[in-house]
Amino acid sequence: MTDSWIHELKTAVARLPTVAASPELLKRIHERLAANEHLILPLADPPPASARWRVAAAAVLVLAASGGLWFAWPTATLTAGDIQGELTFAPATPRAGATVQVTYRAPTTLGGRDRLVLRARYRTPRDEAYQWNTRQTIAAELKPERGGLFRASVRLPDSVVYGAFAVEDSDGRIVDSNGRRLWELLVHDSEGRPTFDALKQRENDLMGRNWEQGYETARQVAALYPDRVASWSDLLFYEKLVLGESHLDSTLAAHKGRLKAFHDRLAPRASLTGDDLGWMLWYARSVGDSTLERYWRDRLEREAPASPLAVQERAIAIGSRAWQDKDSVRALADLDRLWDEAGPAHGNLVNVGWSMAQRVGDSTGLVRWADHYLVMNPRDSSWIATVFTRHPALREEGMQRLRRQLQDLQTLNGSRRALERTVDEQRTVDAGSARQILVALGDALVASGRTTAGLDTLRFAVREGWDVSLFRRVAEIERSSGDTAGALRLLALVAADPATEELTGVPVDSAKWARLVQEGRSEMRRRLLDMAVRRGVPPAVRLEAAGGSTARFDSLTRDRVTFVAFWSRHCGPSLEELPALERLITRLRQQGVAIVTITDERVSDDLQRFLADQKLTFPVYADAWREASRAFNQWGTPSYFVLDADGLVRFEYRELNHIPAEVAVLQ
């Protein structure tokens, strides 16, 4: 991502007004276009007749499933991780609302400053998993003292139970995030124990950030609070996620015994809280005891029908029924009634309701559930706005919202910037988000018949990033509008990508075309390397090969560009992609690329028969100890990675059709 592109983006977005353009302005715009000066036309669309709706936001998991992940977490580079000082708190075990003295011993890169900034992400007992809806704030300014020390005093807000911290210079260009682990502070009780809520919020903050530390925290919760069902239910969740099957086989028996003990103690009680009922249901389901699961589900629905888990169960049941009877209209009406009963405090209800509203496609329902979604997930309004643009009745409203999102992205938002990111890293993330919005806005303008305005918007969007399907789409619009030269430049980018199977386009002189394609390859290399990461993998990662033997990951990848694929035959998307994965691996082998495919089960005779039946020839290794998942911070399938010859991860979590180009720029 170049600074000039970001500057041009700001300039172009600033040209987008919110009122109709005057005839004089339109004349100047047409004159500039005639002179081949391309810009985003600063034309506002007519305001919709309906009232201004609040934008609801789709959750990140929903975005990922829908292909609209706007604010994707950027992978760490080595720039900030190598900067590491020492941060300490006194007291280290504070009570709620306490004042804490902070001491920071700065490394050379941050020493000698007149001040440093302590940034924090605070959590209350009500905050949810991951960092999607939490905000970062400036906790204090660190003042210098002798010996390279900096100090500050911080009073914890009364409601805060957990805080994560990083230190940076005053410009946010150098960040010490404790090697990306951050520094942490947990509220303690009168006995000196971290409170249950503090530990649970630590788990929530570590989700997606460090699953292994999350597992260790779950173990600590179970040790300190063994009488809580939630402690053991969460521990089983982490054991399934982080540990291998061999460990799970032995621990499941203990969980079954513990579940029965909880049942014997709690079942006789006539009155239990919704949380107690919900956790018993969840624990029974996780253990796999269908009899106890049914007992606690019945009690939950009868005694606490408005509790979060009860509402989730009812919403999922409505969604499941709709998949069977294909009656989305009835399901949406049932979800509306459930919302009226339960209110806005149930995230899974809005997940199902928003999904169902999209299936029905009624604009009134879309707006209603978009509003509901905003209550739970305020950050993802770009995705909601994009969905609006796909419905003619809501297109103008969607475009207005997209323009507002573009305007918002022009101001660096400190609360949006993750603690681990520098200001420059955040600008890169924001620029990528802006590109996605420009694509959605350009598509909407074309769909509404404003082809010239849409084309100018899309032209700007394709100047950075690498999206072959987008290049094709914009090239077709270019060609249909008469700009053959512009279409050819984009088609040359398509042809430069090794994944391109065929290219049909405009007849052109072969020498000129060859030159354009060569320029396209150089452009592909520049753009992809601008997007690449640089992250190491622990050298001693173990995998289990066929027959139960152990293989070290680094022995399989040494000194070669390597393609790594995590997949599972129990995962629908993985199964769908297996034929394409086989074709890609065959091709990469011919190019000398090392191949490591990793599955979530042992390499049994049954798995070998499955591979043979599917005509899959690639070698398969089992993540028997979950060491590979932890090393790659990967917890879902399918997931793909490309490593360079030095063993560093350079591309990750990408689609299969991106892999050939990523390999090409590393070889």
Side-chain angles (χ1 to χ4, degrees), residues 59 61-62 65 128-130 196 200 203-204 207 211 214-215 217-219 221-222 225-245 247-269 272-324 335 338 342 345-352 355 568-572 600-601 626 635-637:
L61 286 178
V62 176
E128 298 185 355
Y130 298 90
F196 179 81
K200 295 303 293 182
E203 283 184 34
N204 284 348
M207 285 190 181
W211 288 101
Y215 164 62
T217 305
R219 292 182 60 189
V221 174
Y225 299 94
D227 292 335
R228 295 191 182 225
V229 182
S231 301
W232 298 102
S233 180
D234 266 5
L235 179 59
L236 178 54
F237 163 78
Y238 276 98
E239 288 171 338
K240 286 184 174 181
L241 185 71
V242 175
L243 302 179
E245 291 182 16
H247 177 87
L248 197 58
D249 291 342
S250 62
T251 194
L252 198 55
H255 280 291
K256 289 179 179 178
R258 193 171 292 109
L259 171 65
K260 185 179 184 305
F262 275 123
H263 175 80
D264 292 343
R265 177 161 61 90
L266 296 176
R269 297 184 185 178
L272 291 170
T273 67
D275 284 346
D276 287 335
L277 295 165
W279 281 115
M280 281 301 296
L281 166 60
W282 196 259
Y283 195 26
R285 179 175 295 164
S286 299
V287 168
D289 189 321
S290 58
T291 301
L292 293 187
E293 178 185 352
R294 187 163 50 252
Y295 172 86
W296 288 104
R297 183 175 57 246
D298 291 343
R299 282 197 63 173
L300 177 68
E301 293 174 352
R302 184 174 62 252
E303 299 174 25
S307 65
L309 187 56
V311 172
Q312 171 181 299
E313 292 289 299
R314 293 163 69 186
I316 291 174
I318 293 170
S320 299
R321 187 197 68 209
W323 281 108
Q324 295 174 1
L335 290 165
L338 182 55
H346 304 287
N348 284 288
L349 172 56
V350 295
N351 286 340
V352 179
S355 176
S568 169
R569 61 171 169 159
H570 307 296
C571 167
D600 59 352
E601 62 179 299
R626 292 296 186 267
W635 308 102
T637 55

Legend entry - Min side-chain heavy-atom separation Leu259-Lys256 under 4.5 Å: no
Legend entry - Minimum heavy-atom distance Val352-Gly319, with the two atoms named: CG1-CA, 4.3 Å
Inset, instruction - Please determine if Arg265 forms a cation-pi arrangement with Phe262, meaning its NZ or CZ atom is less than 6.0 Å from the six-membered ring centre and no more than 45° off the ring axis. - result: no
Legend entry - Heavy-atom pair of closest approach, residues Ala230 and Trp279: CB-CE2, 3.3 Å
Legend entry - Arg285 with Glu313: basic N within carboxylate O range, under 4.0 Å: yes
Legend entry - Side chain proximity check, Leu281 to Leu309, heavy atoms < 4.5 angstrom: yes
Legend entry - With Asp264 via side-chain hydrogen bond (donor to acceptor under 3.5 Å, both in side chains) - residues at least two apart: Lys260
Inset, instruction - Could you note down all residue pairs passing side chain to side chain donor-acceptor pair (under 3.5 Å) where residues 300-312 supplies at least one of them, sequence neighbours left out? - result: Arg299-Glu303, Gln312-Asn348
Inset, instruction - Starting from the C-alpha separation in whole Å, work towards a yes-or-no answer on side chain to side chain contact (heavy atoms under 4.5 Å, CB included) for Leu292 and Val287. - result: CA-CA 10 Å; Leu292 293 187; Val287 168; over 6 Å; no
Inset, instruction - Kindly say whether Trp282 contributes a backbone atom to a donor-acceptor pair with the side chain of Ser286 at under 3.5 angstrom? - result: yes
Inset, instruction - Report yes if the side chains of Arg228 and Ser233 come closer than 4.5 Å at any heavy-atom pair, otherwise no. - result: no
Inset, instruction - Look up atom CG in Asp289 and atom CZ in Arg294, then write down how far apart they are to the nearest 0.5 Å. - result: 9.0 Å
Legend entry - Heavy-atom side-chain proximity of Val221 to Phe196 below 4.5 angstrom: yes
Inset, instruction - Please report the shortest heavy-atom distance between Trp232 and His255, naming the atom on each side. - result: O-CE1, 3.7 Å
Inset, instruction - Examine distances only and state if a side-chain atom of Ser231 and a backbone atom of Tyr225 form a donor-acceptor pair shorter than 3.5 Å. - result: yes
Legend entry - Spatial distance of atom OG1 (Thr217) from atom CD (Glu203) [nearest 0.5 Å]: 6.0 Å
Inset, instruction - For residues Gly274 and Leu300, report the shortest heavy-atom separation together with the two atoms involved. - result: O-CD1, 4.0 Å
Inset, instruction - Taking all heavy atoms of Leu277 and all of Ala304, pick out the closest pair and write down the distance. - result: CD1-CB, 4.2 Å
Inset, instruction - Would you kindly say whether His263 and Tyr295 are connected by a side-chain donor-acceptor distance under 3.5 Å? - result: no
Inset, instruction - Give a yes/no verdict on a cation-pi contact between Arg219 and Tyr238, requiring under 6.0 Å between NZ or CZ and the six-membered ring centre and an angle within 45° of the axis. - result: no
Legend entry - From Asp600 atom CG to Thr637 atom OG1, the distance as rounded to the nearest 0.5 Å: 6.0 Å
Legend entry - Residue list, side-chain hydrogen bond (donor to acceptor under 3.5 Å, both in side chains) with Asp276, at least two apart or on another chain: Thr273
Legend entry - Any side-chain heavy-atom pair of Leu266 and Met280 under 4.5 Å: yes
Inset, instruction - Can you see which heavy atom on Pro305 is nearest to which on Val311, and at what distance? - result: O-CG2, 3.8 Å
